[in-house]
Amino acid sequence: MTIFLCGFMGCGKTTVGSILAQKLGLPLIDTDAYIVQNEGMSIPEIFEKKGEPYFRKKEAQAIRTLCEKNAVISCGGGAMLNADSAAYARRNGKVVFLNESFRTCYQRIKGDTNRPIVQRSAKTELEDLFNRRSVIYRMHASHTVPGGASPQQMAERIIRELELKPQQ
């Protein structure tokens, strides 16, 4: 089974995904790290040298490629905004929206120099983006898991939501 974790920057996709993958005995694949490895450049470098549309195209390609994996996939914040990618992921796996609050996400991402959108946006702009994206994540997800819990508890919520059996 392929489990795609989606949500806003800083919602915990990679942290929760790591715990979830361990509990299920699956590998964790982070789409941002996957793209960085394949491109040989950091995300800020990709945005600067090739532009955000190029990066989004690489995200869409990654989703299609990773659907073939039996893994937990931590998606970049924009990966499931693409309706075609989201539909493909839902057909070939489970898309779980980690519905964390903006306040929590912002505390985790402010000042992060590896996030070009954070670097060029004011807090109010990020909150507007959060509000717009949350609607899309919810619409594209096959499952929504509420935030406001520890990463361990979030992983357990996902297991219950998807009715999975953790490894002993």
Side-chain angles (χ1 to χ4, degrees), residues 1-47 55-82 84-101 104-105 107-109 112-118 130 133-134 136-138 140-168:
M1 170 186 291
T2 308
I3 302 169
F4 294 92
L5 301 181
C6 73
F8 198 68
M9 298 172 280
C11 74
K13 298 177 296 282
T14 301
T15 302
V16 171
S18 177
I19 295 166
L20 180 64
Q22 183 179 10
K23 285 182 169 290
L24 297 175
L26 296 172
L28 172 70
I29 302 171
D30 182 292
T31 60
D32 286 348
Y34 178 84
I35 293 167
V36 165
Q37 182 180 4
N38 287 338
E39 292 295 307
M41 287 185 263
S42 70
I43 293 170
E45 288 174 312
I46 296 169
F47 269 62
F55 180 78
R56 298 299 173 205
K57 178 180 165 190
K58 291 298 174 183
E59 267 185 334
Q61 290 172 347
I63 296 302
R64 288 188 176 272
T65 300
L66 296 174
C67 275
E68 300 169 4
K69 306 283 185 188
N70 190 24
V72 174
I73 312 294
S74 170
C75 298
M80 289 299 156
L81 299 176
N82 178 316
D84 292 337
S85 293
Y88 192 85
R90 273 193 323 273
R91 279 193 308 274
N92 294 283
K94 304 287 185 191
V95 178
V96 179
F97 169 38
L98 302 185
N99 190 16
E100 191 56 79
S101 70
T104 297
C105 292
Q107 287 302 313
R108 293 174 179 166
I109 64 173
D112 187 337
T113 58
N114 199 41
R115 298 178 190 269
I117 293 172
V118 172
F130 173 90
R133 284 186 173 188
S134 291
I136 298 168
Y137 295 140
R138 188 173 276 102
H140 289 171
S142 52
H143 302 274
T144 297
V145 175
S150 71
Q152 180 78 22
Q153 291 167 321
M154 291 292 289
E156 290 166 6
R157 287 178 180 180
I158 294 166
I159 288 169
R160 282 193 305 273
E161 174 68 24
L162 299 181
E163 300 177 354
L164 301 172
K165 299 220 182 300
Q167 283 193 337
Q168 300 302 339

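Sequential numbering from 1 along the given sequence is applied to the chain's residues.
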Main-chain N/O of Gly7 paired to Lys13 side chain as donor or acceptor, under 3.5 Å
yes
What pairs of donor and acceptor atoms, side-chain ones from residues 151-158 against any protein atom, are under 3.5 angstrom apart with sequence neighbours left out?
from, atom 1, to, atom 2, distance (Å)
Gln152, NE2, Glu156, OE2, 3.3
Gln153, OE1, Ser150, N, 2.9
Gln153, OE1, Ser150, OG, 3.2
Arg157, NH1, Pro146, O, 2.7
Arg157, NH1, Gly147, O, 2.9

CZ/Phe8 to OG1/Thr104 distance, rounded to the nearest 0.5 angstrom?
12.5 Å
Quick one: does any side-chain atom of Thr2 pair with a main-chain N or O of Cys67 as donor and acceptor, under 3.5 Å?
yes
Between atom CZ of Phe97 and atom CE of Met80, what is the distance when rounded to the nearest 0.5 Å?
13.0 Å
Rounded to the nearest 0.5 Å, how far does OG of Ser42 lie from CD1 of Ile35?
12.5 Å
Above 12 or not: heavy atoms from other molecules or residues under 6.0 Å from CD of Gln37?
no
Whether over 12 other heavy atoms sit under 6.0 Å from Gln22 CD:
no
dist Ser74:OG -> Leu28:CG (nearest 0.5 Å) comes out at 6.0 Å
Looking at Val95, is its backbone amide N or carbonyl O close enough to the side chain of Arg90 to form a donor-acceptor pair, meaning the two atoms are under 3.5 Å apart?
no
Approximate separation, where rounding is to 0.5 Å, of Thr14 OG1 and Ile73 CD1
11.0 Å
Would Arg64 and Tyr88 count as a cation-pi pair here, with the cationic atom under 6.0 angstrom from the ring centre and within 45° of the axis?
yes
Indicate yes or no: at least one non-hydrogen side-chain atom of Ile3 is less than 4.5 angstrom from one of Leu24.
yes
Between Thr144 and Asn99, do the side chains contain an N or O donor and an N or O acceptor separated by less than 3.5 Å?
no
Let me see the working for Lys58 and Ile46 under side chain to side chain contact (heavy atoms under 4.5 Å, CB included), right down to the final yes or no.
CA-CA 10 Å; Lys58 291 298 174 183; Ile46 296 169; over 6 Å; no
Test side chain to side chain contact (heavy atoms under 4.5 Å, CB included) applied to Glu100 and Arg108, step by step:
CA-CA 11 Å; Glu100 191 56 79; Arg108 293 174 179 166; 4.3 Å; yes
